[in-house]
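Everything below concerns the one structure shown next.
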There are 2 protein chains.
Amino acid sequence: MLDKNSPLPIYYQLEQSIRTMIENGQLKPGELLPSEREYAEKYDISRMTVRQAINNLASEGLLVRQKGKGTFIAEQKIEQALQGITSFSEDMKARGLEPSTEIIHYQEEPAEIHIAEKLGINPDDPILEIYRIRLADHVPLAVETTFTPKAIVGNMTEQDFSESFYHYVEDTLGLTITHGDQEIESTLASPAEIEHLHLKKGDPVLLLHRLTYVSGKQPFEYVRTAYRADRYKYKIQLPR
Amino acid sequence: MLDKNSPLPIYYQLEQSIRTMIENGQLKPGELLPSEREYAEKYDISRMTVRQAINNLASEGLLVRQKGKGTFIAEQKIEQALQGITSFSEDMKARGLEPSTEIIHYQEEPAEIHIAEKLGINPDDPILEIYRIRLADHVPLAVETTFTPKAIVGNMTEQDFSESFYHYVEDTLGLTITHGDQEIESTLASPAEIEHLHLKKGDPVLLLHRLTYVSGKQPFEYVRTAYRADRYKYKIQLPR
DNA sequence: GTTATATAGTTGTCTATACATGTATACACG
DNA sequence: CGTGTATACATGTATAGACAACTATATAAC
């Protein structure tokens with residue numbers, strides 16, 4: 001099973017072996033893992049080496065140690081999706097709602113200075129500005145404005161964009177979405193928001209801004225979404 | 001420095017000692033940490049014990065190990081903090097503001113049904129309810145209500161609570177904070193919020209609710225914070 | 001000067017062992 | 001019937017030592 005002459009460390013081989021068995025379903029959530037001594041005897045290695053493998057998996061959350069009882073396969077992490085960047089569509093589906101979109105405009109224009117700053121490009125560089133109404137179960141829930149540099153997305157069509165912007169970026173352009181810097185604030189609805197979301201003057205909205213990055217540092221979109229405050233809560237699961 | 005007769009493990013004492021020196025600025029980002037052998041000789045402990053302390057800090061991202069060279073204090077912990085659960089104090093310090101707190105009340109009472117549900121306890125089980133005004137640079141920024149079961153925090157004093165609730169939970173109670181489920185919404189300020197935050201009728205607030213868990217599944221606090229919308233944005237860095 | 005070579009110091013891996021501490025069960029005692 | 005107690009077994013902590021792999025520097029050879 002384990003190759004002591006391999007250049008790969010023994011603890012790492014054992015770690016991968018256990019990881020694979022969990023992924024294959026040979027070890028199921030809630031099940032008891034063989035004890036450290038059993039592993040040590042079975043493979044004729046030191047218990048400390050076994051511990052190094054198990055500790056790594058435990059700190060990843062794949063295993064759960066319990067003093068005096070044993071080590072168990074962790075239960076499935078339920079709502080992982082909400083921890084990372086989600087598109088409006090993904091968010092709505094996760095809530096059991098049917099997303100749809102109405103594009104108000106899709107146009108090329110020179111970047112305004114504060115947009116250019118955020119996107120890390122020069123003022124008046126060409127960008128795409130897309131303004132959309134986002135609906136959940138056919139009811140307007142949010143208005144969303146997306147700014148993205150033409151230098152990155154090239155000749156993306158309105159079709160490419162509306163099918164799935166993120167898939168287009170990752171699959172067709174071959175870029176990797178790494179992270180996003182997000183800000184959330186509360187304000188009163190603007191006249192345009194009042195009109196598109198069927199609100200009245202003095203109603204609050206939840207305002208979400210996000211700068212999304214590819215390859216660790218290059219911003220490729222700045223998106224601003226205004227949600228009806230009475231119908232939308234932002235939900236997130238935070239670690240540690 | 002380290003107490004070998006303490007019930008606290010030696011590796012844990014060393015870990016906290018190094019952690020403190022980083023927080024105090026006695027060890028600065030980029031700086032080289034003393035070598036494992038130096039620590040082992042200085043405190044007359046085994047090198048493996050030193051490694052356990054350093055490994056824990058490295059897996060937290062506080063230290064960076066480099067084979068053949070040494071172990072270094074990690075750069076910018078600032079942006080990392082925003083990815084996970086933060087206390088008001090941590091949040092404010094990361095923004096360069098000075099946090100302070102005014103406790104309005106700190107009282108024991110039976111849990112209301114919807115609070116009991118969230119905390120996973122029975123209605124009328126004893127809980128602590130703490131209502132505080134949170135200030136940044138001595139200006140009221142938010143009002144915060146915390147609910148926590150007496151069954152978990154026991155005889156925590158107002159002093160324990162206000163120094164650092166999370167440190168009390170982790171260090172004194174020996175629990176591990178694993179994650180939090182957070183919701184953020186936008187509403188208009190309530191009369192109490194108008195008074196404490198010096199707002200006027202019709203002003204919006206950013207409302208943040210969080211259920212914080214220990215040991216993966218046990219909720220230990222439900223906290224509701226209302227921020228002045230004109231002075232606060234919620235910032236978070238999202239992965240992938 | 002440039003290039004090997006030795007050397008010392010670092011973290012990485014691994015062993016073998018010992019005792020502490022927590023959990024569960026079987027069993028004798030009252 | 002309940003209750004300690006012994007026992008077995010689990011993980012947790014800690015030790016002392018060995019060698020491997022990597023980095024940097026000094027030194028010798030060319």
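Chain naming here is simple, since letters A, B, ... match the order of the sequence lines and numbering starts at 1 in each. None of these values were measured; they are calculated from a predicted model.
Under 4.0 angstrom from either OP1 or OP2 of C:dT11 there lies at least one side-chain N or O belonging to B:Thr71. At the phosphate of C:dG22, neither OP1 nor OP2 sits under 4.0 Å from any side-chain N or O atom of A:Lys69. The side chain of B:Arg51 places no N or O atom within less than 4.0 Å of a non-bridging phosphate oxygen (OP1 or OP2) of C:dT11. Here B:Ser35 does not reach the OP1 or OP2 of C:dG9: none of its side-chain N or O atoms lies under 4.0 Å away.
Whole-Å rounding puts the A:Leu14 CG to C:dT13 P distance at 14 Å. Straight-line distance from the OH atom of A:Tyr11 to the C1' atom of C:dT11: 11 Å, rounded to whole Å. Counting to the nearest Å, the C1' atom of D:dG12 and the CD atom of B:Glu15 are 14 Å from each other. Separating the CG atom of B:Asn5 from the C1' atom of D:dT13 is a distance of 14 Å, rounded to the nearest angstrom. Separating the NZ atom of A:Lys4 from the C1' atom of D:dC19 is a distance of 15 Å, rounded to the nearest angstrom. A straight line from CD of B:Gln52 to P of C:dG12 spans 15 Å, rounded to a whole angstrom. Residue A:Leu8 contributes atom CG, which lies 15 Å from atom C1' of C:dC14 at whole-angstrom precision. Rounded to an integer number of Å, the gap from B:Leu32 CG to C:dG9 P is 14 Å.
Ring orientation note: the planes of B:Phe220 and B:Tyr166 are nearly perpendicular, at an angle over 60° on the 30°/60° scale. Between B:Phe161 and B:Phe165, the two ring planes are tilted [angle within 30° to 60°].
In this model, no donor atom of one side chain and acceptor atom of the other lie less than 3.5 Å apart for A:Gln237 and B:Tyr213. Remark: the B:Ser35 side chain and the B:Arg37 side chain contain no N/O donor-acceptor pair separated by less than 3.5 Å.
Between A:Leu33 and B:Gly68, the residue anchored nearer the 5' end of DNA chain D, judged by the nucleotide with its closest heavy atom, is A:Leu33. Both A:Arg37 and B:Asn55 lie close to DNA chain C; mapped to their nearest nucleotides by heavy-atom distance, the more 5′-ward contact belongs to B:Asn55.
Near DNA chain C, meaning a heavy atom under 4.0 Å away, the residues from residues 38-49 of chain B are B:Glu38, B:Arg47, B:Met48.
Under the 4.5 Å side-chain criterion, counting only non-hydrogen atoms from C-beta, B:Leu14 is not in contact with B:Thr49.
Side-chain proximity of B:Lys67 to the nucleotides C:dT11, D:dT11, D:dA14 is greatest for C:dT11.
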inquiry  = If you apply the rule side-chain contact (heavy atoms from CB on, under 4.5 Å), what do you find for B:Lys93 with B:Leu97, and how did you get there?
reply    = CA-CA 5 Å; B:Lys93 285 177 190 165; B:Leu97 301 172; over 6 Å; no

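Aromatic rings from B:His114 and B:Phe147 are positioned such that their centres are separated by 6.0 Å or more.
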